[in-house]
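We use all heavy atoms of the structure for the numbers below, so side chains are in, but hydrogens, waters and symmetry mates are not.
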Amino acid sequence: MTATSELDATLRPIIQRFERFYLGRTANETDIARIGDLIVVRSKGMLTDAESRLLHGDPTPGGRDMVEQMYRKMVRQAQESFTGAVESALSVTVRSFFCDIDATSGESIIAIVCE
């Protein structure tokens, strides 16, 4: 097993549980990459049906900003649980955590800097 597939096999279940339990959704597609001490999780198809309908009905920046702010707030509220699971699974210490979503494309990024 390669390092990339080991990382994927270790983190994918953690990410899926996190998305389902804390965000109430799961991605259609998730890519995981490690570059040195940086782990990047890119998820596609992160919008719920309700969010998609909201954005379709209100394509203004206000609707998009509201969806993006809500996503960031939900992730931040559950950050300790997520980073704790990553630390435990990979035997690392999470030094920094970043998250964002593009409501237009429905893609999200979580970046984790580990020690």
Side-chain angles (χ1 to χ4, degrees):
M1 198 181 278
T2 67
T4 301
S5 60
E6 288 176 12
L7 179 68
D8 190 83
T10 302
L11 288 184
R12 187 168 301 276
I14 292 169
I15 293 163
Q16 289 172 337
R17 278 193 308 272
F18 173 76
E19 289 173 344
R20 193 174 307 114
F21 186 74
Y22 290 103
L23 305 180
R25 64 188 85 194
T26 56
N28 295 338
E29 182 181 333
T30 300
D31 296 314
I32 305 165
R34 186 168 192 167
I35 307 159
D37 63 351
L38 175 68
I39 298 171
V40 178
V41 179
R42 177 183 177 199
S43 299
K44 299 176 185 176
M46 285 301 293
L47 297 179
T48 64
D49 290 341
E51 290 165 340
S52 294
R53 283 192 298 278
L54 171 71
L55 292 171
H56 181 70
D58 181 11
T60 65
R64 185 178 65 243
D65 289 345
M66 183 175 63
V67 169
E68 291 173 355
Q69 287 173 6
M70 183 179 65
Y71 172 84
R72 284 191 296 272
K73 184 173 183 168
M74 289 188 310
V75 172
R76 286 293 181 184
Q77 286 178 336
Q79 177 181 337
E80 283 186 36
S81 295
F82 183 73
T83 56
V86 170
E87 288 176 338
S88 178
L90 299 179
S91 299
V92 297
T93 300
V94 173
R95 190 175 69 221
S96 300
F97 179 92
F98 308 92
C99 67
D100 205 357
I101 189 169
D102 180 352
T104 304
S105 68
E107 292 188 28
S108 70
I109 297 285
I110 293 178
I112 306 161
V113 179
C114 302
E115 297 182 330

Spacing of [X] atom [atom1] and [Y] atom [atom2] [to the nearest 0.5 Å]:
X	Y	atom1	atom2	value
S88	I14	OG	CD1	7.5 Å
R25	S43	CZ	OG	10.5 Å
L11	T30	CG	OG1	11.0 Å
I32	I110	CD1	CD1	10.5 Å
M70	L23	CE	CG	9.5 Å
I112	R34	CD1	CZ	9.5 Å

Whether over 12 other heavy atoms sit under 6.0 Å from Q16 CD | yes
With sequence neighbours left out, what residues match V40 under side-chain contact (heavy atoms from CB on, under 4.5 Å)?
-> L38, I109
Can you sort out the partners of Y22 under side-chain contact (heavy atoms from CB on, under 4.5 Å), two or more places apart, ordered by chain and number?
->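 Listed in chain order: F18, A78, S81.
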Apply side-chain contact (heavy atoms from CB on, under 4.5 Å) to D100 and Y71, showing your working.
-> CA-CA 8 Å; D100 205 357; Y71 172 84; 5.8 Å; no
Got E51 and M46 here, is their nearest side-chain heavy-atom distance under 4.5 Å?
->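 Side chain of E51 against side chain of M46, heavy atoms only: no contact under 4.5 Å found.
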Side chains of D102 and E68 in contact at under 4.5 Å (non-hydrogen atoms) = yes
Search all heavy atoms of [X] against all heavy atoms of [Y] and return the closest pair with its distance.
X	Y	result
N28	G45	ND2-CA, 3.6 Å
S52	L47	OG-CB, 3.7 Å
A103	R64	CB-CG, 3.6 Å

Which residues share a side-chain hydrogen bond (donor to acceptor under 3.5 Å, both in side chains) with R42, sequence neighbours left out |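 For R42, the residues satisfying side-chain hydrogen bond (donor to acceptor under 3.5 Å, both in side chains) (neighbours in sequence not counted) are E107.
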Yes or no on side-chain contact (heavy atoms from CB on, under 4.5 Å) for T93 and E87, after CA distance, side-chain angles and deciding distance?
-> CA-CA 6 Å; T93 300; E87 288 176 338; 4.0 Å; yes
Does [X] share a hydrophobic cluster with [Y], counting links as ILVMFWY side-chain heavy atoms below 4.5 Å and allowing steps through other members?
X	Y	answer
M66	L55	yes
F21	I101	yes
V113	V41	no

Would you say the side-chain atoms of Q69 and R72 include a donor-acceptor pair closer than 3.5 Å?
->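 Q69 vs R72: no donor-acceptor pair found between side chains.
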Check against side-chain contact (heavy atoms from CB on, under 4.5 Å), V75 and F97 | CA-CA 10 Å; V75 172; F97 179 92; 3.7 Å; yes
